[in-house]
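Everything numeric here is computed off the predicted structure, so don't read it as measured data. Order of the sequence lines fixes the chain letters, A, B, ..., with proteins taken first and strands second; residue numbering starts at 1 for each chain.
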Amino acid sequence: MRFSAWQVLKEGLTGNKGWKPHWRSPEPQSEYDIIIIGGGGHGLSTAYHLAAKYTDKRIAVLEKGYIGGGNVGRNTTIVRANYFLKGNSEFYSHSLKLWERMEKDLNYNAMHSQRGILNLFHSDGQRDAAARRGNMMVNQGDDAILLDREGVRDILPYLDYDNIRFPVYGALYHKRGGTARHDAVAWGYARGADQRGVDIIQNCEVTGIDIENGVVKGVQTSKGPIKAKKVGMVVAGRSSQVAAMAGMQVPIESTVLQAFVTEGLKPVLDNVVTFGMGHFYISQSDKGGLVFGGDIDMYASYAQRGNLPTTEHVIDAAMTLMPMIGKAKLLRSWGGIMDMSPDGSPVIDKTHVEGLYLNCGWNYGGFKAVPASGDCFAHLIAKDEPHPVAEKFRLDRFRTGHGIMDEEGTGSQHNTH
Amino acid sequence: MRIKCPLCGERDRREFYYKGAAIDLARPAPDAGDVAWDDYIHNRENPAGRTKDLWQHEMGCSAWLVVERNTVTHEIYGVELAENVKRGMK
Ligand SMILES: Cc1cc2nc3c(=O)[nH]c(=O)nc-3n(C[C@H](O)[C@H](O)[C@H](O)COP(=O)(O)OP(=O)(O)OC[C@H]3O[C@@H](n4cnc5c(N)ncnc54)[C@H](O)[C@@H]3O)c2cc1C
Ligand SMILES: [Zn+2]
């Protein structure tokens with residue numbers, strides 16, 4: 001079924017009885033050409049791109065829970081292309097271009113909204129860094145404008161500009177940045193993949209990876225063994241457990257990232273705003289809730305909930321920057337498990353096992369990467385060579401030291417990003 | 001989460017700095033080679049369950065601690081002075 005204005009009208013007039021499930025729920029076949037482990041944003045986008053662009057082989061996505069239950073349905077949905085280093089910068093630039101045509105490609109309303117992101121700065125040093133980053137973004141072909149304090153005030157009149165400790169000096173304004181409806185992105189890719197013949201199998205946990213003489217042969221699952229010629233691992237916070245099934249130890253530490261949403265309010269916040277002096281970023285959802293978050297909880301954890309110290313820090317930062325937020329009631333908070341890499345950048349690479357591929361290390365920023373990660377991982381799996389915009393996402397960069405991508409300049413070690 | 005420092009008693013998590021997996025205590029020899037150093041600095045077991053990691057009682061006695069805890073439930077099983085653990089490793 002194609003979605004259109006006509007379809008919405010017709011269904012509205014006939015009691016909405018004609019809508020069908022957006023994808024099938026098949027039982028797994030005994031064998032596929034390609035198996036993708038993990039039905040998060042990255043896994044579904046990989047399957048979609050494989051089927052839409054690279055191959056007509058038989059493909060399955062195996063998801064241990066339900067579609068949208070992982071980080072893809074838990075994040076604060078910020079989409080941007082404002083990276084600094086070669087490697088990241090061309091990749092996220094590619095991803096933003098894919099975002100800009102995603103809804104047409106998928107015939108699906110992902111509510112992608114390019115409402116603009118303002119990264120605030122609060123000192124001369126931060127202004128210099130923002131100018132430098134802006135120049136890199138423009139060099140990459142993306143957009144950036146350096147705003148002074150009055151320029152920011154025109155757009156965001158409600159900030160505390162004269163905060164004694166952290167006055168607002170200006171902002172780097174990235175107009176093509178914005179937000180999207182996270183579940184819709186998962187559902188859209190799931191539907192798009194399904195329409196192209198991909199089997200999406202929910203409640204199917206991979207429990208083992210079969211390898212013979214260094215070649216992948218298939219997987220063991222809670223629904224029985226399934227053979228495959230190629231297997232892609234793309235399970236975000238669970239990367240260490242799945243990679244261990246292939247005898248690998250990966251450079252990942254899993255931590256919790258929390259997010260918060262207030263009760264629904266009338267429109268007050270038109271853009272995405274980030275604080276430069278504490279971890280805090282915020283936008284307003286189309287339902288009216290103020291959606292915001294901060295830093296990770298800063299220690300290894302698989303508990304999909306947060307701890308109070310980080311909550312306190314986030315709320316402190318919110319009140320410092322945006323005192324008006326104190327009047328809103330907090331409705332919910334939750335957490336997701338992040339696959340943190342030592343340098344804060346991801347891995348899309350082959351492994352030491354033939355036919356087994358690895359996609360991980362998205363840290364707290366993998367939602368914006370969903371389209372390009374899927375495109376690039378699909379390219380790697382189908383052609384056995386990296387996509388040109390992802391060739392720097394190598395696993396061996398940590399061992400060799402060549403091509404480390406430490407955007408924050410805090411060092412390539414766990415616990416530094 | 002509250003951590004029981006062997007020297008100061010049970011304290012709020014805010015007083016502690018988290019360093020990472022207790023693998024940090026098993027530093028390879030300088031010439032051990034790139035594979036050993038890659039494992040030491042980057043590659044992690046990262047278990048979902050029981051683990052041991054290094055914390056510092058930064059805002060207390062500043063001792064380094066090995067905390068044995070559960071990464072799924074956040075239950076803490078035991079805390080030892082890193083100095084003692086290191087001595088036991090030799
Ligand atoms: C609170 C929060 C805020 C965030 N904010 C942003 C943001 O503003 N912008 C941004 O770009 N990014 C953000 N992120 C990061 C982003 O959400 C993640 O990097 C990204 O979603 C991870 O990729 P994924 O969608 O494939 O992960 P997931 O949706 O977690 O998918 C992984 C899937 O693998 C499945 N799986 C695991 N083990 C197995 C197994 N053995 N067998 C089968 N399946 C398995 C899991 O069930 C899961 O569904 C945020 C994350 C969180 C938690
Ligand atoms: Zn102490």
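- Considering only heavy-atom pairs separated by less than 4.5 Å from chain B, the leading option among A:L308, A:T400, A:V256, A:N415 is A:N415.
- For A:D339, no part lies near chain B; criterion is any non-hydrogen pair under 4.5 Å.
- The six-membered or imidazole ring of B:H74 lies away from that of A:Y302, with a centre-to-centre distance of 6.0 Å or more.
- When each of A:I337, A:I252, A:D396, A:D343 is scored by its heavy-atom pairs under 4.5 Å with chain B, the top score falls to A:I252.
- Annotation: cation-pi pair B:R50/B:Y77 present, NZ/CZ under 6.0 Å from the ring centroid and within 45° of its normal.
- Between A:S341 and A:N363, the side chains place a donor N or O and an acceptor N or O closer than 3.5 Å (distance only, hydrogens not considered).
- For the set A:T416, A:N307, A:V250, the entry with the most heavy-atom pairs within less than 4.5 Å of chain B is A:V250.
- Within a 6.0 Å sphere centred on CZ of A:R394, heavy atoms belonging to other residues, nucleotides or ligands number 12 at most.
- For B:R44, the parts lying near chain A are the backbone and the side chain together; criterion is any non-hydrogen pair under 4.5 Å.
- Per-residue heavy-atom pair counts under 4.5 Å with chain B were compared for A:A243, A:A300, A:S240, A:S239, and the maximum is reached by A:A300.
- Contact tally against chain A (heavy-atom pairs below 4.5 Å) for B:N43, B:D12, B:D53: the top residue is B:N43.
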query = Does the side-chain hydrogen bond (donor to acceptor under 3.5 Å, both in side chains) test come out yes or no for B:Q56 and B:S62, once each step is laid out?
reply = CA-CA 6 Å; B:Q56 188 192 17; B:S62 77; 4.8 Å; no
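- Comparing B:W55, B:Y17, B:Y18, B:W37 by how many heavy-atom pairs each has under 4.5 Å with chain A, the most go to B:Y18.
- Proximity to chain A is limited to the backbone of B:T73, based on heavy atoms less than 4.5 angstrom apart.
- Looking only at heavy-atom pairs under 4.5 Å with chain B, the residue among A:Q413, A:Q304, A:R305 that has the most is A:R305.
- Of the options A:F260, A:F166, A:F275, A:F292, a ring pair (Phe, Tyr, Trp, His ring centres under 6.0 Å) to A:F280 is made by A:F292 and by none of the others.
- Within 6.0 Å of atom OH in A:Y66, 12 or fewer heavy atoms from other residues, nucleotides or ligands are found, so the atom counts as exposed in its surroundings.
- For chain B, no part of A:A244 is nearby; none of its heavy atoms comes within less than 4.5 Å.
- Around atom NE2 of A:H313, more than 12 heavy atoms belonging to other residues, nucleotides or ligands sit under 6.0 Å away.
- Between chain B and the residues A:G401, A:P309, A:P342, A:G237, the largest count of heavy-atom pairs under 4.5 Å involves A:P309.
- Applying the 6.0 Å contact sphere to NZ of A:K223 captures more than 12 heavy atoms from other residues, nucleotides or ligands.
- In this structure, chain B has a heavy atom under 4.5 Å from the side chain of A:Q241, while its backbone stays farther away.
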